[in-house]
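Structure first, commentary second.
Start at 1 with the first residue, then count along the sequence. Just so you know, these numbers use all the heavy atoms, side chains as well, and skip hydrogens, waters and symmetry mates. Note that the coordinates shown come from a computational prediction; the quantities given were computed from them, not determined experimentally.
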Amino acid sequence: MNVKQDLEPQSDHSSDQVQPPQPQRRLRGFAATAAAGGESGGLGGVSRARKEREKEKERTKLRERHRRAITSRMLAGLRQYGNFTLPARADMNDVLAALAREAGWTVEPDGTTYRPSPPPAQLASFSVRSIESPLSAASLKNCSNKASLDCQPPTLRIDESLSPTSLDSVVVVEKDAKCVKYANASPINSPECLDADQLMHDVRLGDHENDFTGTPYIPVYVMLPAGIINSFCQLVDLEGMRQELRNLKSLQIDGVVVDCWWGIVEGWSPQKYLWSGYRELFNIVRECKLKLQVVMAFHECGGHGPDREGRRNTECLSWGVDKERVLKGRTGIEVYFDFMRSFRTEFDDLFAEGLISAVEIGLGASGELKYPSFPERMGWRYPGIGEFQCYDKYLQQNLRKAAKLRGHSFWARGPDNAGQYNSRPHETGFFCDRGDYDSYYGRFFLHWYAQTLADHADNVLSLASLAFEDTQITVKIPAVYWWYKTSSHAAELTAGYYNPTNQDGYSPVFNILKKHSVTLKFLSSGLHISAQENDEPLADSEGLSWQVLNSAWDHGLSVAGENVLPCYDRDGYARILETAKPRSNPDRRHLSFFVYRQPSAFMEREMTMELGYFIKCMHGEVAADLQA
């Protein structure tokens, strides 16, 4: 017995066959980085791998935000220019369903999509399954009188033996000989074969484009100039004002709007209120049988905290003193409430008579709910992006507290790369495309900045609801439309609205207004903005108006309007009318009232006549030719 042979392992004859080399899988991404780190050994490789993973996550988030920004622009275009009734938070399923319905398909709530089928009687007359073209059902009424004599609707026949995947590629069309001469014309684009509803709509617009007869009645108020009451709370020109109000009454306006300035009424001593001049003015309004809206004007009378360079902005009080006892022992909220309560007590008789129809609460610069980010006295000029207004010590304390709660105390600062008042977004590291506004710190800061504005509105409106119980309260929302076509919406961000392309910055504010049953007053330019003026600052006043109005209506808010600048011509009035009574709104929504800011206290005769036509159109009384 050969021991050596016995001790040797038995050879596997199958191993004698040469095995083909197995291809090695190439490592990619994180695995390659980890492998490289493992080969290098030590903690350095692990650290690099971790950093690479973090960078890749951030790049993925940036790509996703860029994709969402593109989707947002597409949705905005479909809503604005295609009249698609998409929900505020539409996704691609909503878009596909809307496009399918527009093409004539039927889309069920569960997503089932199909073309409309012909009646059973028609199916029985063919040996193959017959499906109507989405255009053929409408083409009986599509054709004009001339075309209807020659054109018959085509029928699409699809063989039953065809698989579902081939239905779109193999279609036999039966044509009538009379339709041959229209074979090269699209049924949609042909001027002789239009949809009957579209044809009727076009005729109606052509003949009655400016006919507002029978449209909803929208009350019109005229804003009176601020200088009619002097710093001693005296009516400057009693007889002149009486004559002016009589002229406005002859134009059938519904009422007037008056600013009640906190700095005038309480300007001499704290909690000593002087209303004598306003009493004289309101008595004249009563004589003329006009309604009255008043504005609690807290702006331009107090001291705002310093801006980033330490200069004091006096447009309005800082939100930081809302709950700080720095105003002769009172907080900012208490100052507002005492003023409102004094007005309500002084003019209780006018409230009882119903003369005062609404009270507007000033919540920021220019009486609008915004930060004073665009102060002209500090050098700001349109279309500058403005500056953040959070550098007084009280707001800085609030910011430090928020950063500490977030666990990042070093975030307790304003952006250091946000430019100056007149910078452009692309000139800054914060507002440029893929800039720091969309970083972790940027999102934290902008959320805090916008939430501080919303909290200010909530605090003041809570007390205003107590002071003016059972009275309509309004709040003015600004129209910051420049740089609206950029990703960051820089000017809106500095004003306090966190409204980049991938986020709705107005919804949180509208939730607060809804909570207090407040009417939203939105500012409208009322003027034609040229393409050059729109393109240079990438402005879009119509796009902003569309977003704000539809978001407000979706929140169930009553919406009023006011023109930013005076209107001098019919084109401006026509634009206001289109905003007040949008023809394209499927729900027939419209403004609850409109405030007209006139050019001066005493208008020229020609301007007065134009205003008269405008008021009649808003009242729905006459057919006006505002385009003449």
Side-chain angles (χ1 to χ4, degrees), residues 210 212-229 235 237-260 278 280-295 350 353-360 367 471-472 474 476 519 521-524 526 558-570 572-581 590-624 626:
N210 302 310
F212 290 92
T213 305
T215 57
Y217 184 100
I218 298 180
V220 178
Y221 291 77
V222 171
M223 171 69 75
L224 297 183
I228 58 177
I229 302 291
L235 183 59
D237 185 358
L238 188 148
E239 290 302 322
M241 180 52 59
R242 178 179 282 112
Q243 184 60 43
E244 176 66 10
L245 292 180
R246 287 173 179 172
N247 293 338
L248 292 176
K249 178 64 176 180
S250 67
L251 296 175
Q252 299 181 2
I253 70 163
D254 297 89
V256 293
V257 181
V258 177
D259 287 311
C260 294
Y278 289 102
E280 286 185 290
L281 176 60
F282 296 166
N283 286 337
I284 300 175
V285 174
R286 174 195 282 161
E287 291 174 11
C288 296
K289 301 185 186 312
L290 293 170
K291 291 290 186 179
L292 176 65
Q293 291 189 7
V294 294
V295 180
L350 303 186
E353 295 175 13
L355 180 71
I356 299 178
S357 60
V359 177
E360 180 181 319
T471 301
Q472 183 182 19
T474 65
K476 190 183 298 182
T519 295
K521 182 192 288 185
F522 183 65
L523 299 175
S524 171
S558 176
V559 181
E562 179 179 336
N563 57 310
V564 179
L565 299 174
C567 293
Y568 296 94
D569 54 23
R570 295 193 178 189
Y573 289 128
R575 290 172 62 84
I576 293 176
L577 281 165
E578 185 58 34
T579 301
K581 303 179 179 183
H590 57 83
L591 301 183
S592 57
F593 65 86
F594 185 83
V595 175
Y596 175 74
R597 188 180 294 274
Q598 59 181 345
S600 63
F602 305 99
M603 296 184 293
E604 298 177 0
R605 176 177 175 80
E606 182 179 352
M607 297 171 60
T608 302
M609 293 178 61
E610 298 289 349
L611 178 60
Y613 279 116
F614 168 71
I615 293 172
K616 290 181 180 179
C617 290
M618 292 290 278
H619 290 172
E621 295 177 356
V622 297
L626 290 178

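Applying the side chain to side chain contact (heavy atoms under 4.5 Å, CB included) rule to E287 yields the partners R242; only residues at least two apart in sequence or on another chain are considered. Listed by chain and number, the residues in a side-chain hydrogen bond (donor to acceptor under 3.5 Å, both in side chains) with K291 amount to none (sequence neighbours excluded). Remark: Y278 engages no residue in a side-chain hydrogen bond (donor to acceptor under 3.5 Å, both in side chains) (not counting sequence neighbours). By the ring-ring contact (aromatic ring centres under 6.0 Å, His included) test, H619 pairs with Y217, sequence neighbours left out. Residues satisfying the side chain to side chain contact (heavy atoms under 4.5 Å, CB included) criterion with T471, sequence neighbours excluded, are F351, V359, F468. Take E360 and apply the side-chain hydrogen bond (donor to acceptor under 3.5 Å, both in side chains) test, not counting sequence neighbours, and it matches K521. For F282, the ring-ring contact (aromatic ring centres under 6.0 Å, His included) criterion is met by F347, not counting sequence neighbours. Residues meeting the side chain to side chain contact (heavy atoms under 4.5 Å, CB included) test with R286, sequence neighbours left out: N283, D349, L350, E353, L355. In terms of the side-chain hydrogen bond (donor to acceptor under 3.5 Å, both in side chains) criterion, T579 has no residue partners (sequence neighbours excluded).
In this structure, CG in L577 is found 5.5 Å from SG in C617, a value given to the nearest 0.5 Å. One finds the OH atom of Y573 at 11.5 Å from the CE atom of M618 (value rounded to the nearest 0.5 Å). How far CG of L523 is from CG of N563: 8.5 Å, rounded to the nearest 0.5 Å. Separating the CD1 atom in I218 from the OG atom in S592 is a distance of 8.5 Å, to the nearest 0.5 Å. With values rounded to the nearest 0.5 angstrom, I576 atom CD1 is found 10.0 Å from L591 atom CG. Considering CD1 of I228 and CD of E280, their distance stands at 11.5 Å, rounded to 0.5 Å.
Residues L235 and I284 are in side-chain contact: their nearest non-hydrogen atoms beyond the backbone lie under 4.5 Å apart. Within the 4.5 Å cutoff, the side chain of T215 has no heavy atoms near those of the H590 side chain. Side-chain contact between V294 and V257 is absent, with no heavy-atom pair separated by less than 4.5 Å.
When every heavy atom of T474 is checked against every heavy atom of A358, the shortest pair comes out as CG2-CB, 4.5 Å. Taking all atoms of both residues into account, the shortest heavy-atom contact from T213 to E621 is OG1-O, 4.1 Å. Looking at every heavy atom in both residues, G255 comes nearest to L290 through CA-CB, 4.1 Å. Residues Q252 and I615 come closest through the heavy atom pair O-CG2, 3.7 Å. Closest non-hydrogen pair, K581 versus G620, comes out as NZ-N, 3.7 Å.
Between F594 and F614, the two ring planes are perpendicular [angle over 60°; tilted spans 30° to 60°].
With hydrogens and angles ignored, the 3.5 Å screen pairs no side-chain donor or acceptor of D259 with any backbone N or O of V295. D254 places no side-chain N or O within 3.5 Å of a backbone atom of Y221 that could act as its donor or acceptor partner.
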